[in-house]
Every structure is written in C-alpha cells, then in structure tokens.
Novice: 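Please read through the structure below; I'll follow up with questions.
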Protein chains: 2
Amino acid sequence: MAGPRTTVRNLNRTREKILAAALAEFSARGFAGARVDAIARRARVNKRMLYYCFGAKQDLYREILRRKIAERAEFIESTPDDFAGALAHIYLAGGTDIDFVRLMEWEAIDSGGRKCIAEAERRALFEKAVDRLRVLQREGSIPRGVNLTQLFISMLSLALFPLVMPQVIRLIHGMEPTDPRFMRQRANFLRWLGDRLGKTPETVPIRSRRRRNPTTPSHTAVRRGRSFKRPGQLA
Amino acid sequence: MAGPRTTVRNLNRTREKILAAALAEFSARGFAGARVDAIARRARVNKRMLYYCFGAKQDLYREILRRKIAERAEFIESTPDDFAGALAHIYLAGGTDIDFVRLMEWEAIDSGGRKCIAEAERRALFEKAVDRLRVLQREGSIPRGVNLTQLFISMLSLALFPLVMPQVIRLIHGMEPTDPRFMRQRANFLRWLGDRLGKTPETVPIRSRRRRNPTTPSHTAVRRGRSFKRPGQLA
DNA sequence: TATACTATTAACTGATCAGTTAATTAAGCC
DNA sequence: GGCTTAATTAACTGATCAGTTAATAGTATA
C-alpha cells in the first residue's frame, strides 16, 4: 500500500489522540469538571490508556498546560515593534486560541489548591513582554513615566477580556467574540486606542490634522462593510 | 434578657444563613464545584433545610445570582460624570466585590447549559452604562466618533481583569489584586489613561504644559513609597 | 393539654467518577 | 511457531455527591 502502514497498535498515536482530546475537555470544563471517561471517549481510546500513558488525571493536565504555554511563548517573538500594533497583535494572537485563554481562566478561577504550573515559564513570558515595552518607551513610542507593569496588565486586559467573558460581548454587542466582524472592529479600536496612548501629546494633533475630524477613529466604519487596516499596516 | 429573644426555630434566620453560605461557596467553586453539604456546614444548618427553603441546588444558585446582580445595579447610579473618573469608579466599585466578579466569571466559563440568568437585568445594566457614555460624548468628554460599545467593553476589561485573573497580577506584579497598594496604583493609572483617552487632541498639550514633563503620570511613584493621589484628586 | 402544623434532624439511596485489576491480544525476535 | 514484551480491553471498586425518607422536636392555638 502507498504511505506508511497503519499499525493496529501505536502508542505514540494513542498519546497524541489522548492529548488532543484532553485539551478539548480541560479547556471546556476545567480540571475538576473534566471527566476522564469523556477524554477517553473523545480520543476513542480505552480509559486505562490514559493511566498507562500519563499516570493520573493531574499529570495529564499538567502536560496539557505545559505544552500550551510553551506554544504561546512563540507568539511573543513575533510582536510588532509599535505600541498600537503590539496591542492589536496580542489581541489577535490571543483571540485565535480560545483553548489557551480558557485554560488560563480555569487556572485563575479554580486552581483547586494545585501549585502554579509552569510558573517560571509564565514569569519569563511576562518579563520578556515588559522588556519589549521598555524598549518601545526608550524609543519614544510610549510616553516616558508610564508605569509599564500597569500598561502591560492593561494590554492583557483589553486583549483577553472578550474571550474571558464572552457572554458580556454577546449581551452588549450581540455577537460572538470570535465573530470575524467583531474581531476586526475590536482590533481597529485597539489600534486607535494604542495610537492615542502611545503618541506624546505634542505629536497627536500634528498627525491628526490630515483629517477634517482629527479624533474620528477608523473602527466605527467596519460594521458598514468598509475595509479595515490589516495588521502591520499601521506599524 | 436584653435584645430580641433568640428563638430556637426561625426560618428567616435559617434562610439568611443559607444564602450567605451559598454565596461564599458558589463564588469560591462555581455551580458545579459547590457542594450542597459544604453550604449546609458553612451555614450550620441541616442539609435538608436547603431543599426545604429553596427546592434544589439550581434554585438556590439562581436566587444568589439574582440578588447579586440587583445589588450591583445600584452602583451604576453613583458613577462620576467624567470619563476618567468613571473608569476608576468601575474599577474600584467592581474591585471591592470579589464575589460578584467571580460569579460572573463562573457564569462565563461554565454556564453548564443553563440559560442566562437575569439576562434582561444584565442587558439593562449595560445599556444604561452605554447611555451614560453617550451623554459624556455629547458633552465633549469623550472624542466624537469613538465606538462607545467598544469603549465600554474596554472599560470593563480594564476594571475587571485584575480580579478575573489574579494569578497574572501576582506573577507580573508580585501583589494580590486586592492589595490596597496595588488598587491605588491601578486606580491612578486608570485615571491617567482615561484622562488621555478622554481629552480631545487639541486640549491635551495645553493642559499638560503646566508640567515640565507633560507625559509623566503620577501613578509610577506609588511603589517607591511616596504619597499618591487619592480618588477624585485627579478627576 | 390535646391537636395541628412548622422547622429540624439523622440516616439512607442511586448515580457518577477517578483509579485499579487482571485478563487478552498484537508485535518483535529467535 | 514459540516466547517475551508492549499495548489494549472489560469489568470492578470505593469514594463522593445531590437529593430523599421518615421520624422528631418545637410552636401556636383551641
């Protein structure tokens, strides 16, 4: 036959199936709510295999978290160099990975007495991000004197909140937070907001004089079907 | 004896004890994670009384949510009239009520197939808030053209995120999000941010010229032990 | 003080769930 | 083809949990 022979028994394949199913289950229901039987069913694998491959529910969960966090770390590297672009990037990068956001959310609300998983990696992630902000500040893209820690917390807030509280978006906005129209509108709003925060006061009116109404942001036009700015275009 | 006679039997008292215990338990563990036995133990009441008074776990939960949301609605009324002040107010008002934030968070992450509880009340809450923003915009405190829905989502994001993801604050900042020092610093930062967003570009440099470094916000001094501005001082 | 009703209790039940036992089947190797 | 080891399975177990049963103790009232 063409292609590699599909062996009836294949532990690696089984492991991968379990990991995929576990990510979905833990993301949907959290550690306490996730059912080992449900993971096994999703993976089309006998429940015993979870214990054979990963030991216990806890160990499987830890593995899922560790992988997700490592995967996320790569995104930090590709952050644009301007502040407004970086804000939109965090939003769009985080906004595509609902499993990541939900896992973090479950960790936040229901740590269940577990000690923080991959704490060192997370801290490194944050410190790297704040360091980047420090560079932007030195280059003048962020006003001097701004507390960068608070600023970073704010960037995360603005970027993650829609996925963290989707029902708020539904209620206020009538759309799913993953709806492309909502995401474009939000990304444009964040670019406008970042632009306004990033510019030093002197430069704001100068740049804006090109328009008749200097304070009209572009994101309001999105719902009417106009084109929006792509990532990087503003950078 | 002085004071009201403590009757051995008092259904109202029992109800109140159950409600208080249930709020604590549901806030801490969510609907699925909350244990009926734990609520009874906390309330120092026989488990059977929960069913006697409220029917089922679901009904008790609904009652808790309904009460909390009604209680929150009152806070909207006392929102300051300027944008920066309103932003800080949402933060400080939400920041004092961790049970409210956690209940909303549990609802968001684990609705468990339940239909949205008190949806009409919540929507009314949001619409009232956006209406207030519209007034501020007409009065010039918010730039024309800004999408008020996105702006309101952003205000909620900035205000609620620290309590929603306390471990992020711990990791980035090394403090609990409820630590008074953190809260003051954040409130000052939000006032600076709101000020900067709210002002039209033309007015920003004029107002700022009073300082030598017009873009230095006050909140950065907090951690170094200097005095900080009290709520309202910057408004 | 007998009666009727309300509030409270301990003990039970059936379902669900993480984890285990022990048997079975396929693959690798001589 | 027989032997060994690795992968897979069904059935079981003990703990936990929401909800129930049925009996009991306090309170009001006639």
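Here is the naming used below: chain letters follow the sequence lines, and residue numbers restart at 1 for every chain. Note that this is a predicted model, so its numbers are computed, not measured.
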Novice: Please state how far atom CG in A:N12 lies from atom P in D:dA7, giving the value in whole angstrom units.
Specialist: 9 Å
Novice: How many whole angstroms separate atom CD1 of A:I18 from atom P of D:dT9?
Specialist: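 Answer to the nearest Å: 10 Å.
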Novice: Is A:T14 near enough to D:dT8 that one of its side-chain N or O atoms lies under 4.0 angstrom from OP1 or OP2?
Specialist: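 For D:dT8, OP1 or OP2 has a side-chain N or O of A:T14 closer than 4.0 Å.
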Novice: Is there a donor-acceptor contact under 3.5 Å from the side chain of B:R170 to the main chain of B:E176?
Specialist: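 No, the answer is negative, given that no donor and acceptor are paired below the 3.5 Å cut-off.
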Novice: Check every atom of C:dT8, C:dT20, C:dG19 against the side chain of A:A56 and return the nucleotide holding the closest atom.
Specialist: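 Shortest atom-to-atom distance from the side chain points to C:dG19.
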Novice: Starting at CZ of A:R41 and ending at P of D:dT9, how long is that distance when rounded to a whole Å?
Specialist: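 Going from A:R41 (CZ) to D:dT9 (P), I get 15 Å.
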Novice: For DNA chain C, whose closest nucleotide is more 5', that of A:R48 or that of A:A32?
Specialist: A:A32
Novice: Expressed in angstrom and rounded to an integer, what is the separation of B:K47 atom NZ from D:dC17 atom P?
Specialist: 10 Å
Novice: Which whole-number value in Å describes the distance from A:I39 CD1 to C:dG19 C1'?
Specialist: 13 Å
Novice: Are A:D131 and A:K128 close enough, and set up right, to give a salt bridge (charged side-chain N to carboxylate O under 4.0 Å, His left out), and what steps lead you there?
Specialist: CA-CA 5 Å; A:D131 280 348; A:K128 194 183 280 183; over 6 Å; no
Novice: May I ask you to say whether A:E25 pairs ionically with A:R42, meaning some side-chain N is under 4.0 Å from a carboxylate O?
Specialist: yes
Novice: According to a strict under-4.0 Å criterion, is B:N46 in side-chain N/O contact with OP1 or OP2 of C:dA10?
Specialist: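 Yes, B:N46 has a side-chain N/O under 4.0 Å of OP1/OP2 on C:dA10.
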Novice: Mark yes or no for whether A:D59, through its side chain, and A:A56, through its backbone, hold a donor-acceptor pair below 3.5 Å.
Specialist: yes
Novice: Hey, mind stepping through B:N12 and B:R15 against side-chain hydrogen bond (donor to acceptor under 3.5 Å, both in side chains) and telling me if it holds?
Specialist: CA-CA 5 Å; B:N12 277 338; B:R15 284 179 68 96; 4.9 Å; no
Novice: Provide, to the nearest angstrom, the distance between the OH atom belonging to A:Y61 and the C1' atom belonging to C:dA18.
Specialist: 17 Å
Novice: Determine whether any donor atom in the side chain of A:K57 lies under 3.5 Å from an acceptor atom in the base of C:dG19, or the reverse, and answer yes or no.
Specialist: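 Counting by modelled atom types and ignoring angles, no donor-acceptor contact under 3.5 Å is found here.
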Novice: Can you tell me the distance, in whole Å, between the CG atom of A:L50 and the C1' atom of C:dC17?
Specialist: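 Result: 13 Å.
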Novice: Nearest of D:dT9, C:dG19, D:dG19 to any side-chain atom of B:Y51?
Specialist: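 Selected nucleotide: D:dG19.
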Novice: Does any donor-acceptor pair link the side chain of B:R9 with the base of C:dT6 at a separation under 3.5 Å?
Specialist: yes
Novice: What is the distance, to the nearest angstrom, from the CG atom on B:D37 to the C1' atom on D:dA15?
Specialist: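 Answer to the nearest Å: 13 Å.
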Novice: Answer with yes or no whether B:R35 presents, from its side chain, a donor or acceptor under 3.5 Å of a partner atom in the base of D:dT16.
Specialist: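 By the distance-only test, no, there is no pair.
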